[in-house]
Amino acid sequence: MHSKPHELTEDQELRSIYRIQLVSLFFIGLFFIFVGRSIHIQVVQHEYYTSLADKQYVGTSLNHFDRGTIFFSQVRDEPVPAAQLIGRYRIAVAPGKVKDAEALYRTLTSRIVIDKKLFDERLQKLEDPYEEIASGVSEEDIVYLKSLKLPGVTYVKDNVRFYPQGSIGSQVIGFVGNDGSRARGQYGVERYYEDILSRATDQPTVNFFAELFADIGTNEVSNQDKQMGDVILTIDASVQRSLHTVLEETKKTWNSDQIGGIVMDPSTGSIIAMDGMPSFDPNSYGDVDSVRKYSNQLISGVYEMGSIIKPLTVAAALDAGVVNEDTTYVDTGFRDLNGYKVRNFDGQARGTTKMQTILDKSLNVGIVFLVEQLGRERFQDYFKKFGIGDETGIDLPAEAGGLTKNLQSSVFVDSATAGFGQGIAITPIRTIRALSILGNGGVLPSPHVVDTIVYKNGETKKVSGTPGDRVISQETSEQITRMLVHVVDTALKNGDYKMDHYSIAAKTGTAQIPQPGGGYYDDRYLHSFFGYFPAYEPKYIIFLFHTNPKGAEYASATLTDPFFKLVKFLISYYEVPPDR
């Protein structure tokens with residue numbers, strides 16, 4: 001038997017309709033509230049919520065900033081970070097929740113520095129739930145402040161680029177700056193290896209509501225490079241610090257305008273140390289008084305190097321066979337080359353003179369004789385083979401080309417003066433590359449600062465400079481090395497710096513500094529010094545220079561001590577065995 005369906009009474013039907021209408025009115029009302037609130041947010045308080053979204057979503061996104069690490073090498077230990085990410089914090093307050101602003105200020109400033117005027121201005125914005133009052137705060141300070149449970153105070157973590165070595169090697173490392181759309185490497189290794197060091201997460205990350213209310217994220221550019229990793233430099237942290245200290249002391253002693261130095265393996269081209277001053281601290285790169293301090297003048301600066309170029313001319317003449325170590329010439333103290341007078345540094349004539357004396361006494365007239373024996377065209381060909389007119393291809397940005405037009409000149413005097421380092425201006429990195437051939441058997445090396453790339457997937461890539469062409473013979477390399485060892489053992493400071501157990505090949509250079517309008521200053525000089533050791537199988541070549549040192553005319557007075565400080569440090573640090 002089936003029961004009859006229950007029939008609603010008239011009263012029950014009226015109550016059901018009433019309920020339906022009530023629910024409908026509730027949802028209609030809720031809809032209008034939502035629409036009204038949306039209009040209020042997007043129109044009436046658009047600027048407020050745009051600012052808030054930017055603070056909450058874009059600002060905190062620095063927590064996601066990622067970038068590869070740059071390491072200095074160490075010969076007997078783990079690599080040392082030269083550029084890395086560390087955690088730093090921003091402190092913000094909700095002014096409406098702060099009961100005693102003065103007490104809060106005293107508490108915070110007992111641990112960190114906060115600008116009082118900024119603090120007072122921010123605390124007056126009682127309707128704003130987020131006002132930043134400090135940034136760059138260390139984790140140690142944040143742990144302490146959090147333990148105080150300060151009402152209305154919040155802490156936001158950022159990943160920031162940190163350079164633990166400060167200004168040491170900063171022109172090689174560079175820094176990370178914002179180009180308006182994202183963080184990018186600026187200068188140095190940071191720039192050259194941007195594709196390796198950058199990460200896809202370098203861009204700020206946003207969510208739907210941030211994009212809806214703040215209209216952000218429309219200009220983001222994604223990093224498409226998949227070969228992301230860290231880089232380990234050929235630069236050794238301990239040698240770099242030693243070079244930095246020597247340069248700092250030398251600059252202070254002689255009040256130089258500018259100073260720089262390179263330590264390199266002359267066979268492989270691996271840069272073991274490279275530094276220059278004046279420089280900057282990449283942790284506060286915005287504080288510099290001139291952007292020129294960012295630029296690595298060892299790569300980008302061009303200079304007339306003076307007498308350290310003379311061994312290249314001697315080597316060319318020996319290699320071409322136009323002279324040998326026993327050849328002599330008559331030194332008259334000066335030469336008149338179609339109206340252009342070339343003099344020895346002291347103007348003195350030395351009569352019948354051997355090849356060795358050209359280097360021992362740094363004789364300009366002797367170099368003119370050698371260029372005459374070579375002939376202009378052959379001399380120019382050798383200097384081109386030495387790479388004087390070509391960029392080295394070092395893995396750093398902004399390598400300068402140099403001023404070497406005199407090596408194409410048909411006027412003999414241009415070649416004669418180029419033979420002793422005047423009238424051609426080249427970079428220090430090009431200089432040390434050319435000078436390396438004297439000791440490494442005559443092969444042109446390829447300078448580089450990165451040793452290894454360690455990719456995120458665990459793979460590694462060894463970076464090695466490809467050896468260049470042989471430009472002088474092994475025999476010539478040995479000949480010129482013997483001559484440069486003789487310079488140190490007998491001529492440099494009368495042989496006072498001869499080392500009993502180590503053979504050192506070296507040469508000084510002093511050059512007048514060109515005036516902007518032509519000609520040379522009478523009282524301003526560039527001093528340079530280069531040398532390599534152990535002389536007959538060199539592992540290290542050192543180049544030093546500084547401009548306008550005060551109180552000494554010749555490089556032997558200002559750079560001999562710094563050079564030998566570095567030699568002795570390298571011998572001790574690398575435990576170099578004696579070679580004589």
Side-chain angles (χ1 to χ4, degrees), residues 166-175 187-188 235 240-264 271 273-282 285 287-309 392 394 396-403 421-422 424-432 435 447 508-516 520-530 542-563 565-566:
S167 62
I168 297 175
S170 60
Q171 293 172 337
V172 176
I173 302 300
F175 59 88
Y187 298 89
I235 293 174
Q240 184 73 19
R241 279 191 287 270
S242 180
L243 174 62
H244 182 86
T245 300
V246 166
L247 294 178
E248 203 169 43
E249 292 172 350
T250 306
K251 189 176 190 303
K252 183 178 180 180
T253 299
W254 298 103
N255 192 24
S256 317
D257 291 350
Q258 186 179 39
I259 192 167
I262 303 171
V263 181
M264 188 177 84
I271 303 294
M274 176 185 283
D275 212 348
M277 299 169 192
S279 187
F280 69 102
D281 184 343
Y285 63 85
D287 295 342
V288 300
D289 54 11
S290 170
V291 295
R292 285 181 58 84
K293 291 183 178 179
Y294 299 149
S295 180
N296 185 352
Q297 293 303 303
L298 296 160
I299 304 298
S300 303
V302 293
Y303 309 91
E304 293 191 17
M305 290 296 177
S307 296
I308 61 170
I309 299 299
T392 67
I394 189 171
L396 287 170
E399 182 179 359
L403 303 171
Q422 183 175 301
I424 55 172
I426 57 178
T427 60
I429 191 62
R430 200 179 291 190
T431 304
I432 196 172
L435 294 171
T508 64
T510 301
Q512 287 180 289
I513 294 177
Q515 294 186 20
Y520 294 86
Y521 291 104
D522 292 330
D523 58 349
R524 298 186 190 182
Y525 300 93
L526 179 144
H527 290 181
S528 58
F529 198 120
F530 95 96
I542 301 170
F543 167 87
L544 301 173
F545 88 105
H546 58 163
T547 60
N548 197 22
K550 318 303 188 294
E553 186 173 351
Y554 298 110
S556 58
T558 67
L559 292 179
T560 301
D561 281 342
F563 174 83
K565 279 184 182 180
L566 288 169

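Count residues from 1 along the sequence.
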Check whether any side-chain heavy atom of [X] sits under 4.5 Å from a side-chain heavy atom of [Y], and report yes or no.
X    : Y    : answer
T508 : L559 : no
Y520 : E304 : yes
M277 : E248 : yes
Y521 : N548 : no
M274 : I394 : yes
I429 : L298 : no
L243 : L544 : yes
Q512 : D522 : yes

Q. Step by step, would you call F543 with I308 a side-chain contact (heavy atoms from CB on, under 4.5 Å)?
A. CA-CA 10 Å; F543 167 87; I308 61 170; 3.6 Å; yes
Q.
Between H546 and T558, is the side chain to side chain donor-acceptor pair (under 3.5 Å) condition met? List the steps.
A. CA-CA 9 Å; H546 58 163; T558 67; 2.9 Å; yes
Is the side chain of [X] donor-acceptor paired with the backbone N or O of [Y] at a distance under 3.5 Å, no angle test?
X    : Y    : value
Q171 : K293 : yes
Y294 : Y285 : yes
T547 : Q258 : yes
R430 : G401 : yes
S170 : P282 : no

What pair of heavy atoms forms the shortest contact from [X] to [Y], and how long is it?
X    : Y    : answer
A555 : G509 : CB-O, 3.1 Å
T250 : S256 : O-OG, 4.3 Å
P562 : V246 : CB-CG1, 3.6 Å
P447 : I271 : CB-CD1, 4.3 Å
A398 : S300 : O-OG, 2.7 Å

Q: Decide whether S279 and S167 meet the rule of one side-chain donor and one side-chain acceptor closer than 3.5 Å.
A: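 S167 and S279 do not have a side-chain donor-acceptor pair below 3.5 Å.
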Q. Going by atom types alone, do E399 and T392 pair a side-chain donor with an acceptor below 3.5 Å?
A.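 Yes, because at least one side-chain N or O of E399 sits under 3.5 Å from a partner of the opposite role on T392.
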Q: Please list, chain by chain and in numerical order, all residues satisfying side-chain contact (heavy atoms from CB on, under 4.5 Å) with K252, sequence neighbours excluded.
A: none
Q: To the nearest 0.5 angstrom, please state how far the OG1 atom of T427 sits from the CD1 atom of I262.
A: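 Spacing of OG1 (T427) from CD1 (I262) equals 8.0 Å.
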Q: Determine the sole option in F529, F563, Y525, Y303 for which the ring pair (Phe, Tyr, Trp, His ring centres under 6.0 Å) test with F545 is passed.
A: Y303
Q: Test side-chain contact (heavy atoms from CB on, under 4.5 Å) on L435 and M305 and set out the steps.
A: CA-CA 12 Å; L435 294 171; M305 290 296 177; over 6 Å; no
Q: State whether D257 and K550 are salt-bridged, where the test is any N-O pair (Lys NZ or Arg NE/NH1/NH2 against Asp/Glu carboxylate O) under 4.0 Å.
A: yes
Q: Might you work through the side-chain contact (heavy atoms from CB on, under 4.5 Å) test for I426 and V302, ending with a clear yes or no?
A: CA-CA 5 Å; I426 57 178; V302 293; 5.9 Å; no
